[in-house]
Amino acid sequence: MDYSLFISDLHICESRPHITQAFVHFLKTTAEHAQALYILGDLFEYWAGDDAIAAGKHQAVITALKHLSAQGVSVYLMHGNRDFLLDEGFEKAAGATILSDPSLIMLYGKPVLLSHGDALCTDDVAYQQFRNEVRGDGWKTQFLSQPLTSRIAYIEDLRTKSEQAKSVKSMQIMDVNQDAVENLLAEYHFPSLFIHGHTHRPNKHTYVLQGHTCERWVLGDWYEQGSYLRLDANGCKTQLL
Ligand code: LP5
Ligand code: MN
């Protein structure tokens with residue numbers, strides 16, 4: 001049966017080689033039989049710019065994605081808060097297509113809304129301010145004009161600041177805001193399925209909004225145990241690696 005796969009929040013980095021290994025294995029096995037693979041953000045622990053490719057970063061991941069797309073599996077990628085600098089250079093090298101956040105697609109006869117999920121964490125006011133600032137074109141151009149090594153050092157420092165900030169935020173603040181979810185579902189005319197990541201709280205939530213049933217599927221991260229969502233004509237299922 002035809003099916004598509006959804007993953008997010010792998011946070012691939014050189015210091016956690018087991019995640020890279022698990023992902024490459026997943027691409028060579030499970031993903032090869034799918035119609036499409038959707039990576040809904042934070043594939044990487046961070047992405048400092050597409051010139052990281054020429055600098056030899058993440059070769060195994062890029063080669064395995066390119067191989068998968070060459071096999072005829074469509075590979076789609078959405079930006080996460082950590083890898084929103086992924087751009088055309090990565091698309092070309094990996095044979096992937098970047099989707100905007102959010103994106104509404106039709107799969108197996110159903111409207112499916114996709115997002116990374118961070119934009120829905122509206123109670124996290126400090127993060128949303130930070131997000132607005134760094135997602136602007138002006139900031140991006142200025143940041144990318146700096147040398148790669150300086151950018152990496154800057155991001156490492158930012159990661160420390162972010163971890164400090166998170167340590168005093170409540171779990172509730174760092175979850176999606178209910179009104180933000182309902183407003184987004186309304187804006188997209190109540191799709192049957194909504195799939196996102198970011199919060200690392202894998203779950204299925206069912207809503208009945210203005211007479212429409214919408215399922216919100218939250219993807220898990222890959223720190224301890226990788227997982228993916230499989231969607232076919234019968235619906236969604238979470239699977240462990
Ligand atoms: O990623 P995660 O889940 O650990 O935390 C996020 C939010 N943090 C972030 C920051 C990233 O993790 C850092 C790496 C990003 C690399 C991007 C590439 C280039 C960017 C360079 C930027 C200058 O996204 C965290 C949320 C959490 O999700 C849950 O939703 O709470 O948000 C924060 O912790 C942000 C702080 O609250 C506010 C920012 C503090 C640092 C300010 C430094 C000044 C930067 C000025 C930039 C113009
Ligand atoms: Mn994220």
Side-chain angles (χ1 to χ4, degrees), residues 6-16 19 38-53 55 57-58 77-87 89-90 98-103 114-178 180-181 184 194-203 216-224 226-227 229:
F6 300 83
I7 54 174
S8 71
D9 303 282
L10 284 78
H11 297 198
I12 288 171
C13 63
E14 279 156 1
S15 62
R16 288 192 290 264
I19 301 180
Y38 294 84
I39 306 168
L40 300 186
D42 289 354
L43 172 63
F44 295 104
E45 174 76 358
Y46 62 76
W47 190 257
D50 284 358
D51 50 346
I53 302 169
K57 309 268 184 206
H58 304 300
L77 186 84
M78 192 171 273
H79 287 150
N81 54 299
R82 289 153 173 260
D83 54 13
F84 64 88
L85 291 175
L86 286 165
D87 211 335
F90 184 85
I98 294 178
L99 297 176
S100 41
D101 181 0
S103 281
L114 307 174
S115 177
H116 178 56
D118 58 320
L120 296 170
C121 300
T122 53
D123 295 332
D124 194 343
V125 175
Y127 170 64
Q128 295 301 334
Q129 279 171 353
F130 166 78
R131 186 182 195 275
N132 286 338
E133 196 156 348
V134 298
R135 296 293 182 103
D137 278 345
W139 182 88
K140 191 173 148 181
T141 308
Q142 198 279 333
F143 187 70
L144 290 175
S145 71
Q146 297 168 39
L148 179 62
T149 47
S150 315
R151 273 177 271 145
I152 291 175
Y154 192 92
I155 292 172
E156 301 274 3
D157 178 54
L158 186 62
R159 285 287 314 130
T160 308
K161 290 192 172 79
S162 175
E163 287 303 321
Q164 282 164 356
K166 285 199 306 182
S167 70
V168 291
K169 290 179 190 174
S170 69
M171 287 297 278
Q172 196 196 330
I173 280 181
M174 289 191 285
D175 202 354
V176 296
N177 172 286
Q178 188 62 28
V181 170
L184 186 71
F194 173 32
I195 306 172
H196 72 83
H198 183 67
T199 59
H200 304 188
R201 300 177 210 200
N203 209 341
R216 176 169 71 93
W217 289 81
V218 187
L219 302 169
D221 63 77
W222 281 43
Y223 281 126
E224 305 293 334
S227 61
L229 198 75

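We count residues from 1, following the sequence as given. Just follow the structure's listing: the first ligand is 1, and inside any ligand the first atom is 1.
Close approach of ligand 1 to Ser162 is summarised as follows: ligand atoms under 4.0 Å from at least one heavy atom of the residue are 5 (O), 7 (C), 8 (N), 9 (C), 10 (C), 12 (O), 25 (C), 33 (C), 34 (O). Of all atoms in ligand 1, listed by their number and element, those nearer than 4.0 Å to a heavy atom of Ala165 are 34 (O), 36 (C), 37 (O). Which parts of ligand 1 touch Asp124 is read off a 4.0 Å heavy-atom cut-off, strictly below it: atoms 26 (C), 29 (C), 30 (O), 31 (O). For ligand 1, the atoms closer than 4.0 angstrom to any heavy atom of Glu133 are 48 (C). Within ligand 1, counting atoms from 1 as listed, the ones closer than 4.0 Å to a heavy atom of Phe84 are 17 (C). Listed by atom number, the atoms of ligand 1 under 4.0 Å from Glu163 heavy atoms are 4 (O). Residue contact check: Arg159 has heavy atoms under 4.0 Å from atoms 1 (O), 4 (O), 11 (C), 12 (O), 13 (C), 14 (C) of ligand 1.
Ranking protein heavy atoms by distance to atom 6 (C) of ligand 1, first place goes to Asn81 ND2, 3.4 Å.
Remark: Asp118 engages Arg131, Arg135 in a salt bridge (Lys or Arg N to Asp or Glu O under 4.0 Å) (not counting sequence neighbours). Under the rule for a salt bridge (Lys or Arg N to Asp or Glu O under 4.0 Å), the partners of Asp124 that lie at least two apart in sequence or sit in another chain are Lys169. By the salt bridge (Lys or Arg N to Asp or Glu O under 4.0 Å) test, Glu133 pairs with no residue at all, sequence neighbours left out.
Closest to atom 30 (O) of ligand 1 by heavy atom, among Gln129, Gln142, His198, His200, is His198. Comparing Trp139, Tyr154, Phe130, Tyr127 against atom 39 (C) of ligand 1, the shortest heavy-atom distance belongs to Phe130. Counting heavy atoms only, Ile155 comes closest to atom 18 (C) of ligand 1 of the residues Ile155, Asp221, Asn132.
Around the Mn ion (ligand 2), protein N, O or S atoms at less than 2.8 Å comprise Asp42 OD2, Asn81 OD1, His116 NE2, His198 ND1.
With a 4.5 Å cut-off on side-chain heavy atoms, Val176 and His196 count as touching. In this structure, the side chains of Asp9 and His116 come closer than 4.5 Å at one or more pairs of heavy atoms.
Within 4.0 Å of atom 22 (C) of ligand 1, at least one protein heavy atom is present.
Between His58 and Phe44, the ring planes lie tilted relative to each other; the angle falls in the 30° to 60° range.
Here Trp222 contributes atom CH2 and Asp42 contributes atom CG; the two are 14.0 Å apart, rounded to the nearest 0.5 Å.
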